[in-house]
Novice: 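Attaching a single structure in structure tokens format; questions to follow.
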Amino acid sequence: MLLAASTQRTIGLVILAIVVLGGIVYIYFNIRSARNEVGSEIELASNRKPYLSDEDLEGKKLDLALGSSLVLLTIVAITLPLYWLGEPGRHEGRDLDTWRISTNRGEEIYLEGAQCVNCHGPEGAGGVVNTAITSSSGEFVAQVNWKAPALNTLMSRHTEDEILHVLNYGRNGVMPAWGSGGGGPLTDQQLEEIIFYLRSVQISEDEIRSQVDSGVEAGAKALILETSDEAWAVEVRAAEAAQADAAMAVRLLGRADFDFECSDDASECLALDEANARLTAANEAAVEPLDAAVSTWFDQVSAAKATADALVIEADPSLADEGNEDDLRAAALEILSTLDAFEGQEAYLQWGEILFSNTAAAGTYSCARCHTYGWSFDGASDYVLEENGRDGPIPELADGYVTAGGFFGPNLTGGSTLSQFETAIGQSAFITRGQAIGQTYGRGGSGGNGQMPGFGALTEANPVGPGMGPGSGIVFEYPALLTDEQIDAIVAFERTL
Ligand code: HEC
Ligand code: HEC
């Protein structure tokens, strides 16, 4: 658009220069070649009325007439090109205005009209919705807190059409259907305006990387605290269990007596204070050794990756050559995706699992929110049991989650991704782009509605909007949610399930 504007501007300036210069040259030569008039009619024919004399005619009257037409001509000659010059700017201004207005309207709908903000947080940073889940026969099962993913990275994983699908039809009964297509209250134009607003709140690549990394770090800490045999980890687990028991005892008191308030009189409350103090102390004692253990674990992940590369190069030294990076990556990933391939591989698969279930930004970077039933609402935790006054956990989740066992997206366990995708690198490519509307994938992947997001970078060419329609040449680039290395690690984890 800018290029177009500058060519039009250049042409306009050239024409203006030609007109002005030409005018000056013409006037110059006209004055130089002006001569006194020769051969006028000396005598007046008898049937003619005398008209003004030459002196009168060629005096002030003529000057006035010629002068005023020159002024008018000059005005026309200069203002027309000037008007033309301003035209692209006026177009741009109109587009920008419409853009700004649409964005503002979208923000208004996000905050007030549809109150997306209540669930998805300010500027789409992610949030949580308190909602009831029901059994397949429609009976109340539990009141839960369901993660509403951050939308400030939405444009990285979905095209506009894919977004319109979920806005129109909602999802899983927790994300309402907003568009008229799904029986919702908003018009197509309002949905477009929301997308304008969402474009304006997308975060930078650096912020994305640091959110993903903080989620991985939290996941690594949780994993180590859960599995380490070190005394400080054993103590944290024991203190957590004791604290949970003590808190449950107090809650049961509260359930029996509605006006119940904790005081020194109740031994349960004293026990809870003690349990809280023990847990705080255990966590404090664990801070330093835990940080050290996390960094050792990260080293193990890198070492596993290096071992896989080395194994590949040992089998085919040519893959170490420059220009063969893609083949090296594909071959190493094949090894990393094979169960029990080598000593030390485990940390790499753990990395994949942590990324799969990344809790950062309300699960926006995770796969688990769509592929693991119950993950989005911590379904296997005690509070569900307690706060619903129920005597048992949600039946499907009595034994905890089945990671990648399937929910909105298909079940990925039991080697199913091995039969869907012939190669690990092919599966990586699928996760990088996601499933585009109507496109098939793998050996039998259906052409769905594009609801499997793409986790690599996304380019949105000629999106719809003022001045943006087909052929506008406008291109938006949105950063990748995950790096190639992270996607590969998730693929290896999935292929060993
Ligand atoms: C009642 C709470 C609630 C409201 C209000 C709500 N959403 Fe959602 N939305 C959710 C939840 C929960 C999910 C995740 C659903 C899931 O886990 O399957 C979601 C998912 C989405 C997704 C899919 C994101 C992804 O990456 O998968 C988009 C886009 C979205 N919402 C946009 C909006 C917009 C725009 C509005 C306002 C017009 C809105 N939502 C209002 C709860 C809500
Ligand atoms: C917003 C929900 C959502 C999220 C988040 C999501 N997926 Fe999916 N996934 C789907 C859906 C829906 C399909 C099925 C697509 C179809 O059939 O059109 C799918 C399909 C797949 C498949 C193909 C399975 C098969 O057998 O056909 C794989 C592999 C996969 N997802 C991996 C992942 C990974 C890895 C992540 C995280 C990096 C992820 N998904 C995140 C919804 C999601």
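In each ligand, atom 1 is the first atom listed, and ligand 1 is the first ligand listed.
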Novice: Is there at least one pair of N or O atoms, one from Gln115 and one from ligand 1, spaced under 3.5 Å apart?
Specialist: no

Novice: Please compare Ser416, Gly454, Pro453 and report which has the shortest non-hydrogen distance to atom 6 (C) of ligand 2.
Specialist: Pro453

Novice: Quick one: does Ser366 get within less than 4.0 Å of ligand 2, heavy atoms only?
Specialist: yes

Novice: Is the shortest heavy-atom distance from the side chain of Phe493 to the side chain of Leu355 under 4.5 Å?
Specialist: no

Novice: Would you mind checking which non-hydrogen protein atom is closest to atom 15 (C) of ligand 1, with the distance to 0.1 Å?
Specialist: Val174 CG2, 3.8 Å

Novice: What is the closest protein heavy atom to atom 2 (C) of ligand 2, and at what distance does it sit?
Specialist: Cys370 SG, 1.9 Å

Novice: Considering heavy atoms of the protein only, find what lies nearest to atom 1 (C) of ligand 1 and give residue, atom and distance to 0.1 Å.
Specialist: Cys119 SG, 2.9 Å

Novice: Can you tell me the angle formed at atom 8 (Fe) of ligand 1 by SD of Met175 and NE2 of His120, to 10°?
Specialist: 180°

Novice: Can you classify the ring geometry of Phe421 versus Tyr441 as parallel (below 30°), tilted (30 to 60°) or perpendicular (above 60°)?
Specialist: parallel

Novice: If you count the atoms of ligand 2 from 1 in the order shown, which ones are under 4.0 Å from a heavy atom of Ser446?
Specialist: 16 (C), 17 (O), 18 (O)

Novice: Kindly indicate whether the side chain of Ile163, heavy atoms from C-beta on, has any atom under 4.5 Å from the side chain of Ile195.
Specialist: yes

Novice: Distance to 0.1 Å, residue and atom name: give those for the protein heavy atom nearest to atom 28 (C) of ligand 1.
Specialist: Leu151 CD2, 3.7 Å

Novice: I'd like to know if the side chain of Gln189 and the backbone of Thr187 have a donor-acceptor N/O pair within less than 3.5 Å.
Specialist: no

Novice: Touching ligand 2 at all, Gly442? Heavy atoms, strictly under 4.0 Å?
Specialist: no

Novice: So is there a nitrogen or oxygen of Arg369 less than 3.5 Å from a nitrogen or oxygen in ligand 1?
Specialist: yes

Novice: Measure the distances from the heavy atoms of Gln451 to every atom of ligand 1 and state whether one is below 4.0 angstrom.
Specialist: no

Novice: Going by heavy atoms, is Pro410 under 4.0 Å from ligand 2?
Specialist: yes

Novice: Salt bridge between Asp97 and Arg100, side-chain N to carboxylate O under 4.0 Å?
Specialist: yes

Novice: Looking at ligand 1, is there an atom of it that comes within less than 4.0 Å of some heavy atom belonging to Asn118?
Specialist: no

Novice: To the nearest 0.5 Å, tell me how far Asn104 CG sits from Tyr197 OH.
Specialist: 10.5 Å

Novice: Should you measure from each heavy atom of Lys147, which atoms of ligand 1 turn up under 4.0 Å away?
Specialist: 12 (C)

Novice: For atom 37 (C) of ligand 1, what is the closest protein heavy atom, and at what distance to 0.1 Å?
Specialist: Cys116 SG, 1.8 Å

Novice: Quick one: look up the protein heavy atom nearest atom 29 (C) of ligand 1 and list residue, atom name and how far away it is.
Specialist: Leu154 CD2, 3.6 Å

Novice: Give the intermediate values and the outcome of salt bridge (charged side-chain N to carboxylate O under 4.0 Å, His left out) for residues Arg433 and Glu162.
Specialist: CA-CA 12 Å; Arg433 168 57 189 94; Glu162 292 163 12; 3.1 Å; yes

Novice: Just go through His158, His165, Arg171, Met155 and tell me whose heavy atom is the nearest to atom 23 (C) of ligand 1.
Specialist: Arg171

Novice: Just how far is it from atom OG1 of Thr372 to atom CZ of Phe356, taken to the nearest 0.5 Å?
Specialist: 4.5 Å

Novice: Heavy-atom pairs closer than 4.0 Å: do any link ligand 2 to the side chain of Phe430, the backbone, both, or neither?
Specialist: side chain

Novice: Give the intermediate values and the outcome of side-chain hydrogen bond (donor to acceptor under 3.5 Å, both in side chains) for residues Asn276 and Gln243.
Specialist: CA-CA 6 Å; Asn276 281 334; Gln243 198 272 350; 2.8 Å; yes

Novice: Note the single closest protein heavy atom to atom 18 (O) of ligand 1, along with its residue, its atom name and the distance in Å.
Specialist: Asn172 ND2, 2.6 Å

Novice: Both conditions, 6.0 Å and 45 degrees, for the charged tip of Lys221 above the ring of Trp297: are they met here?
Specialist: no

Novice: In the protein, what heavy atom is nearest to atom 26 (O) of ligand 2, and what distance, to one decimal place, separates them?
Specialist: Gln420 NE2, 3.5 Å

Novice: Short list, please: which atoms of ligand 2 are under 4.0 Å from a heavy atom of Gly409?
Specialist: 10 (C), 11 (C)

Novice: Could you walk me through whether Thr364 and Arg157 satisfy the side-chain hydrogen bond (donor to acceptor under 3.5 Å, both in side chains) test, starting with their C-alpha distance in whole Å, then the side-chain angles of each, then the deciding distance to 0.1 Å, before giving a yes or no?
Specialist: CA-CA 10 Å; Thr364 206; Arg157 60 179 170 269; 2.9 Å; yes

Novice: Is there any N or O on Arg157 that sits under 3.5 Å from an N or O of ligand 1?
Specialist: yes

Novice: Could a heavy atom of Tyr365 be found less than 4.0 Å from some atom of ligand 2?
Specialist: no

Novice: Taking 4.0 angstrom as the limit and counting only heavy atoms of Ile490, give me the atoms of ligand 2 inside it, by number and element.
Specialist: 35 (C), 38 (C)

Novice: Hey, is Leu355 touching ligand 2 through its side chain, its backbone, both or neither, going by heavy atoms under 4.0 Å?
Specialist: neither

Novice: Under a 4.0 Å N-O cut-off, is there an ion pair linking Glu485 with Lys305?
Specialist: no

Novice: One residue to check: Glu162. Relative to ligand 2, which of side chain, backbone, both or neither has a non-hydrogen atom less than 4.0 Å away?
Specialist: neither

Novice: Closest non-hydrogen protein atom to atom 36 (C) of ligand 2, residue and atom name please, with distance?
Specialist: Cys367 SG, 2.7 Å

Novice: Give the atom numbers and elements of ligand 1 that come within less than 4.0 Å of a heavy atom of Ile194.
Specialist: 35 (C), 38 (C)

Novice: For atom 17 (O) of ligand 1, what's the nearest protein heavy-atom neighbour? Residue, atom name and distance, please.
Specialist: Trp146 NE1, 2.9 Å

Novice: Indicate yes or no for a side-chain donor-acceptor contact from Arg237 to the backbone of Glu226 under 3.5 Å, with no hydrogens or angles considered.
Specialist: yes

Novice: Taking N, O or S atoms only and a limit of 2.8 Å, check whether Met452 reaches atom 8 (Fe) of ligand 2.
Specialist: yes

Novice: May I ask whether Phe408 has any heavy atom positioned less than 4.0 angstrom from an atom of ligand 1?
Specialist: no

Novice: What orientation do Phe476 and Tyr478 show, parallel under 30°, tilted 30 to 60°, or perpendicular over 60°?
Specialist: parallel

Novice: Hey, does Gly445 sit under 4.0 Å from ligand 2 if you only count heavy atoms?
Specialist: no

Novice: Nearest protein heavy-atom contact for atom 41 (C) of ligand 1: which residue, which atom, what distance?
Specialist: Trp178 NE1, 3.3 Å

Novice: Can you find a side-chain donor-acceptor pair between Gln211 and Glu207 that sits under 3.5 Å?
Specialist: no

Novice: Below 2.8 Å, can you find an N, O or S atom of His371 next to atom 8 (Fe) of ligand 2?
Specialist: yes

Novice: Any idea which atoms of ligand 1 are less than 4.0 Å away from a heavy-atom of Leu167?
Specialist: 32 (C), 33 (C), 34 (C), 35 (C)

Novice: With a 4.0 Å cut-off on heavy atoms, is Pro149 touching ligand 1?
Specialist: yes

